[in-house]
Amino acid sequence: MRFDFDSTYFNPEHVLDCGQVFRFEPFKDGYFVVSADKACYIHTDGCKTVVESEDSDYFYEYFDLNRDYSEIVSRAKSHNIPLLTRSAELFKGLRLLNQNKEEMIYSFIISQNNNIPRIKGIISRICGGLGEKRELCGKEYFTFPSTAALAGAGAEFFRNAGCGYRDVFLAETSARILTEGISGLDGLDGAELKKQLLTYKGIGAKVADCVALFGFGKRGSFPVDVWIERIYKEDFKGALTDRNKICEYFTGLFGEDSGYIQQYLFYGKRQSL
């Protein structure tokens with residue numbers, strides 16, 4: 001099955017290359033994307049972005065296609081912040097994804113103090129070792145492992161997959177989630193969700209904000225990393241040095257649009273706007 005959408009506000013490169021997702025690779029005329037146990041082929045055809053998948057409803061929600069991003073772009077530009085205005089205009093095809101919650105917890109534990117190519121490699125090895133092999137559009141892929149599979153793997157498996165010191169974090173957090181589940185996190189407001197996420201082994205403030213934003217749809221979250229610190233100092237002329245306070249500054253400034261604006265700023269700065 002396939003569906004298409006106006007590419008003005010749905011550009012695959014902008015969506016996939018802004019640091020919110022790790023399970024994608026170039027494929028044919030576009031990208032092959034895997035989420036949890038599902039996959040799709042996404043590419044641009046003229047003024048349309050086309051998604052091909054056996055799970056079209058899932059990926060319609062995954063790419064947040066029920067939301068009007070023209071309004072979000074307009075609100076972002078209304079702040080009259082040069083970097084934000086340029087980025088929101090040039091990268092208006094960027095959308096925030098609605099990703100699998102458990103996958104986001106494990107993926108962003110792996111992401112801490114790491115670079116994107118290495119993160120993608122580690123996740124690929126974990127999926128290859130513990131996931132199920134499937135096929136779409138003639139391409140084989142592996143599903144993201146279940147929590148039971150992760151919890152049963154042991155820290156040595158994660159260490160051999162290249163996780164480094166994060167091996168214990170993944171082993172202990174997957175064991176906890178296997179016992180408790182994560183349904184208790186659903187329905188929490190952004191502040192309480194972040195507080196609860198911080199109780200998991202390997203989740204600090206930045207990872208908690210990423211999980212809340214990309215996994216739980218808390219669009220008022222604003223992850224702060226080295227790029228955001230640079231933006232804060234160079235483009236906002238800020239003097240704070242504590243990342244928690246920098247986060248509070250931005251969420252106070254942008255409110256419920258914080259997550260969208262974080263991505264415009266982050267992506268724009270990395271593109272040297």
Side-chain angles (χ1 to χ4, degrees), residues 18-24 33-38 58 61-62 64 96-116 118-132 142-155 157-159 161-225 243 247 259 262-263:
C18 61
Q20 64 177 321
V21 61
F22 306 113
R23 300 201 67 202
F24 70 94
V33 180
V34 184
S35 175
D37 60 348
K38 300 171 176 62
Y58 177 89
E61 170 65 18
Y62 177 84
D64 205 30
L96 290 187
L97 301 174
N98 295 308
Q99 301 186 66
N100 180 272
K101 296 170 184 175
E102 290 189 13
E103 182 173 348
M104 288 300 92
I105 290 172
Y106 303 126
S107 295
F108 278 97
I109 287 176
I110 292 167
S111 78
Q112 60 178 294
N113 300 315
N114 219 339
N115 61 64
I116 290 177
R118 190 162 182 270
I119 297 164
K120 293 177 71 171
I122 292 170
I123 294 174
S124 178
R125 288 189 289 275
I126 290 174
C127 293
L130 300 176
E132 298 178 10
F142 288 91
T143 63
F144 196 88
S146 66
T147 286
L150 292 168
F157 170 83
F158 298 119
R159 187 161 53 252
C163 295
Y165 67 88
R166 307 165 194 84
D167 57 352
V168 175
F169 299 161
L170 290 167
E172 292 191 14
T173 293
S174 60
R176 176 179 170 182
I177 293 175
L178 181 63
T179 300
E180 300 176 358
I182 60 169
S183 61
L185 300 176
D186 290 329
L188 299 178
D189 64 28
E192 183 60 27
L193 174 62
K194 182 175 180 177
K195 179 180 177 181
Q196 292 303 316
L197 286 171
L198 288 170
T199 68
Y200 288 81
K201 195 77 171 179
I203 295 184
K206 182 253 184 177
V207 168
D209 281 323
C210 286
V211 173
L213 180 57
F214 305 129
F216 287 81
K218 300 301 182 183
R219 301 316 197 207
S221 301
F222 198 102
V224 177
D225 66 352
R243 286 189 175 183
C247 177
Q262 192 268 2
Q263 286 287 273

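Here the structure is a predicted model, which is why all the values come from computation and not from measurement.
- Between S183 atom OG and I177 atom CD1 the span is 11.0 Å, to the nearest 0.5 Å.
- Side-chain rings of Y200 and Y106 stay apart, their centers remaining 6.0 Å or farther from each other.
- Between the SG atom in C210 and the CG atom in L197 there is a gap of 11.0 Å [rounded to 0.5 Å].
- For the pair Q262 (side chain) and F222 (backbone), a donor-acceptor distance under 3.5 Å is absent.
- Counting only heavy atoms from C-beta outward, the side chains of I126 and C163 approach each other to under 4.5 Å.
- Remark: R23 CZ to F142 CZ distance equals 10.0 Å, nearest 0.5 Å.
- I182 contributes atom CD1, which lies 13.0 Å from atom CD of Q196 (distance to the nearest 0.5 angstrom).
- Applying the side-chain hydrogen bond (donor to acceptor under 3.5 Å, both in side chains) test to T199 and every residue at least two apart in sequence or in another chain returns R176.
- Judged as a salt bridge (Lys or Arg N to Asp or Glu O under 4.0 Å), and not counting sequence neighbours, R118 has no contacts.
- Side-chain atoms of Y58 and S35, non-hydrogen and from C-beta on, do get closer than 4.5 Å to each other.
- Taken from CZ in F216 to CG in L185, the straight-line distance is 4.5 Å, to the nearest 0.5 Å.
- Contact annotation: the side chain of Q112 never approaches that of K206 to less than 4.5 Å [non-hydrogen atoms, C-beta and beyond].
- Applying the salt bridge (Lys or Arg N to Asp or Glu O under 4.0 Å) criterion to R125, with sequence neighbours excluded, gives no partner residue.
- Closest heavy-atom contact between L130 and A153: CD1-CB, 3.8 Å.
- Identified under the salt bridge (Lys or Arg N to Asp or Glu O under 4.0 Å) test for residues 213-224, with sequence neighbours left out: D64-R219.
- Ring geometry for Y165 against F169 counts as perpendicular: the plane angle is over 60°, on a 0 to 90° scale with 30° as the lower cut.
- With sequence neighbours excluded, no residue forms a side-chain hydrogen bond (donor to acceptor under 3.5 Å, both in side chains) with D225.
- Taking CZ from F158 and CG from L170, the interatomic distance works out to 5.0 Å, rounded to the nearest 0.5 Å.
- Applying the salt bridge (Lys or Arg N to Asp or Glu O under 4.0 Å) criterion to K101, with sequence neighbours excluded, gives D186.
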